[in-house]
Amino acid sequence: MAVRVFDTRSRTKRKLETIEDGKVGLYACGITPYSPSHIGHARQAISFDIIVRWLRKSGFDVSYITNFTDVDDKIIAVANEEGVDFLEVANRNISDYFESMDALNVIRADAYPRVTETIPEIIEMVETLIEKGHAYLAEDGVYFEIDTSPEKYGQLTGQTLEMVRSGAGGRVDKTGSGKRDHRDFALWKMAKPGEPFWESPWGEGRPGWHIECSAMSLKHLGERFDIHGGGSDLLFPHHEAEIFQSECCLGHDPVVQYWIHNGMINIDGEKMSKSLGNFWTISEALENVDPLVLRYTLINAPYRQPVDFNQVMIDDSESHHNRLVTCYGEGLSKHGSGEWSNFPDLVEAAKRLEEGMNDDFNTRIALVEVQVVSKWLRGLLNSGSRSNEISGAVGWISEFAGDVLGLLPTKEKALARMESHESVKDEVAPKVGNLLAERESARKSKDWGRADEIRDELAGMGVIVEDGPNGATWRIE
RNA sequence: GCACGAGUGGCAGAGCAGCUAUGCAAUGGACUGCAGAUCCAUGGACCCGGGUGCAAAUCCCGGCUCGUGCUCCA
């Protein structure tokens, strides 16, 4: 079954046809590490993590590259404020990023190139652009000249040169730069006093924003590659600038076959921003939310839709996720993980999930099927028989909720969780037994007050009592 | 202002012209002393106004609302 991908440039879903059969080169714009990562970064990383997982499952050999823009104005500003080297700031935030990604069960990319390790390639690219007449040297830097290939303008955003020309008015002066046209953008910035710099043919300076991604994708994926992604806020100007740079430098187009962009996060219906005070870093979020629940919340909508991050969504995700992990763990510990392909219900669910994922990686549809199978499994566990079906459902969940969506703890952890439950259970069992016996006799004499009292007492110990037709059962919360 | 995208039941979201989406929640019932769990059943939607179709949530036109971008941003 073919994978279909929504390509931002053509604004349509297109069947994924790769340059080289069976291989996918995927570059996703990563972070600028000037502050700890926020949940928007988490959404971006998780979106692409799942895309990569699905492509690999579909049989593609994927090269997944995501970068760090580890030198830029904001990093320098933070470094100056703290009186430390800019790399110290970048490295600290990169560590924070990796820590968060590990917690969120994001599989590492194949490479994490950094601007500071790509300077020679960047310089080479800028030189080529100057040679080919697409860039010019000004007093304060080297600029790309938009007018040398105006036809490339607006490929992703649909804006035309004229619109921006008429719309942006007085900003030319504001930039205070040596630009010939306000839409030109910097390829190389001459160093100001106190700024980090590298030697270049044009003097000491550093790369402009945009060029690093052209250089790094070229270096790691070649002159043409399949998919370029990032947050939708990078559409303009960042990705359009990349199109100018890469295509003009390499002399062919398109360099990128498919552009894909993930949607933003809103908090309670409002844009997440520092000024609104509704800004969540990942580590802040993880103080209140289990990382896998956060992951669940963030894939609750397909990656292109905006996600509204609010308490209701989190609570929903938490209960769904708990249910999933609980029945998975229980099934796993009692019957193990087995083959699912013999059971029509599971085959159907897998088929619908695959159709959803093949249709532009629709995680929402996948999640519905995961819920359907969890429900099915719960029913089986309650009925207490048919262990082949149970282990089949566990295998199904392990494959799709686990491997594909990354929502499950490791088998070891799930079993350990069950075991710790068991050991707690063993520990309290005698006491619970006594209390339950007492409650039973209270119930027999219709002393409901005492019976409920005992139930409350047990609840205080984390023991949930459930009366059934064959007497009371209990479990650890 | 301009560009792009979106508006479906309480919520999240399918649907790409005719057939119950689904999950969660809700309601009713079964079981319960009550609660919980479970099982069965049920209701409920397509932003507004036009148009084209035998038939429109689905296509076309016009509005309205929201989001994002146009400046650093995943």
Side-chain angles (χ1 to χ4, degrees), chain A residues 6 8 11 13 28-32 34-35 37-48 66 69 72-74 77 97 154 156-160 162-169 171 174-175 182-183 209 229-240 261-266 269-274 279 297 299-308 310 312-313 315-317 319-320 323 349 352 355-356 359 362-365 367-375 378-379 381-383 442-444 446-449 451-452 455-456 459 464-469 472-475:
Chain A
F6 185 89
T8 311
R11 283 186 208 97
K13 278 182 197 164
C29 285
I31 61 163
T32 299
Y34 70 96
S35 66
S37 298
H38 55 69
I39 56 175
H41 297 127
R43 156 104 120 147
Q44 187 271 348
I46 291 169
S47 298
F48 284 90
T66 190
T69 301
D72 98 322
D73 293 347
K74 274 179 294 193
Y97 175 83
L156 299 176
T157 55
Q159 302 183 96
T160 66
E162 286 64 32
M163 288 170 190
V164 180
R165 185 176 280 150
S166 56
R171 244 182 245 136
K174 246 165 92 182
T175 62
H182 74 273
R183 293 155 303 161
W209 186 44
S232 62
D233 53 346
L234 296 180
L235 243 23
F236 190 95
H238 185 57
H239 287 161
E240 292 215 350
H261 293 92
N262 65 278
M264 300 290 103
I265 287 184
N266 296 332
E270 276 184 313
K271 178 186 177 171
M272 178 172 85
S273 78
K274 281 181 175 163
F279 197 87
T297 310
I299 65 171
N300 199 27
Y303 75 92
R304 287 192 292 129
Q305 298 299 125
V307 161
D308 192 42
N310 58 52
V312 174
M313 287 284 292
D315 292 347
D316 271 8
S317 302
S319 71
H320 291 150
R323 225 175 280 183
R352 289 189 297 264
E355 277 168 13
D359 187 13
N362 193 325
T363 49
R364 179 60 230 188
I365 289 185
L367 240 28
V368 164
E369 295 308 325
V370 167
Q371 288 171 347
V372 167
V373 173
S374 310
K375 195 177 175 179
R378 244 187 308 149
L381 287 167
N382 283 330
S383 72
R443 292 185 70 208
K444 281 225 171 79
K446 297 200 194 293
D447 181 358
W448 310 127
D452 290 347
R455 187 165 61 196
D456 290 345
I464 296 169
V465 179
E466 290 172 347
D467 296 318
T473 59
W474 60 281
R475 59 188 169 85

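In what follows, every heavy atom counts, from backbone to side chain, and hydrogens, waters and symmetry copies are set aside. Numbered from 1 within each chain, the chains take letters A, B, ... in sequence-line order.
The base-pairing partner of B/G5, taking Watson-Crick or G-U wobble contacts with both distances under 3.5 Å, is B/C66. The pairing partner recorded for B/A30 is B/U38, the criterion being a Watson-Crick or G-U wobble arrangement whose two distances lie under 3.5 angstrom. Shown here, B/C59 forms a base pair with B/G51; the pair counts as Watson-Crick or G-U wobble because both key distances fall under 3.5 Å.
Computed from coordinates, the A/Leu367 CG to B/G23 P distance equals 13 Å when rounded to whole Å. A/Lys74 has its NZ atom 6 Å from the P atom of B/A74, to the nearest Å. Atom CD in A/Glu369 sits roughly 16 Å away from atom P in B/A21 (whole-Å rounding). If you take CD of A/Glu240 and C1' of B/C4, they are 11 Å apart, rounded to a whole angstrom. In this structure, A/Met264 places its CE atom 16 Å from P of B/A6, rounding to the nearest Å. The nearest whole Å value for the distance from the CD1 atom in A/Ile299 to the C1' atom in B/A74 is 17 Å. Whole-Å rounding puts the A/Asp315 CG to B/C11 P distance at 16 Å. Per the geometry, CG belonging to A/Asp316 stands 7 Å off C1' belonging to B/C11, to the nearest Å.
Put simply, the side chain of A/Asp72 and the base of B/C72 share no donor and acceptor less than 3.5 Å apart. Remark: the A/Asn300 side chain and the B/G13 base include no donor-acceptor N/O pair separated by less than 3.5 Å. No hydrogens or angles were tested; on distance alone, a donor-acceptor pair under 3.5 Å links the side chain of A/Arg455 to the base of B/A35. Between the base of B/G33 and the side chain of A/Arg443 there is a donor-acceptor pair shorter than 3.5 Å.
Note on A/Gly231: only backbone sugar-phosphate atoms sit closer than 4.0 angstrom, heavy atoms only; bases stay farther off. A/Val465 comes within 4.0 angstrom of a nucleotide base, judged by non-hydrogen atoms across all strands. Using a 4.0 Å heavy-atom criterion, one finds that A/His238 contacts no nucleic acid atom at all. As judged by a 4.0 angstrom heavy-atom cut-off over every strand, A/Val368 is placed among the base-contacting residues. The residue A/Ile464 sits apart from the nucleic acid: no heavy atom pair falls under 4.0 Å. Heavy atoms of A/Gly356 sit nowhere under 4.0 angstrom from any nucleic acid atom. Residue-level contact check: A/Leu234 touches the backbone only, with heavy atoms under 4.0 Å from sugar-phosphate atoms and none from bases. Across all strands, A/Ala301 comes closer than 4.0 Å only to sugar-phosphate atoms, never to a base (heavy-atom distances).
In summary, the side chains of A/Arg304 and A/Asn262 do not present any donor paired with an acceptor at a separation below 3.5 Å, with no hydrogens or angles considered.
Taking 4.0 angstrom as the limit, A/Lys13 places none of its side-chain polar atoms (N or O) nearer than this to OP1 or OP2 of B/C16. Phosphate proximity of B/G13 to A/Asn362: absent, as no side-chain N or O sits under 4.0 Å from OP1 or OP2. Contact annotation: A/Arg352 side-chain N/O to B/U22 OP1/OP2 distance is not under 4.0 Å.
Straight-line distance between the P atoms of B/C70 and B/G13: roughly 24 Å, to the nearest whole Å. Of the C1' atoms belonging to B/G9 and B/A57, the separation is 13 Å, rounded to the nearest Å. With both ends at atom P, the span from B/G23 to B/C39 equals 12 Å, rounded to whole Å. With both ends at atom P, the span from B/A41 to B/A14 equals 27 Å, rounded to whole Å. As rounded to the nearest Å, B/A12 and B/A21 have C1' atoms that lie 13 Å from one another. Across the P atoms, B/G7 and B/C16 are found 14 Å apart, a figure rounded to whole Å.
Once the 5.5 Å centre distance and the 30° plane angle are applied, the aromatic ring of A/Phe236 is found not to be stacked with the base of B/G69.
Set against B/G33, B/A14, B/A74, the side chain of A/Pro302 has B/A14 as its closest nucleotide.
When side chains are defined from C-beta on, A/Cys29 counts as touching A/His239, because their heavy atoms get closer than 4.5 Å.
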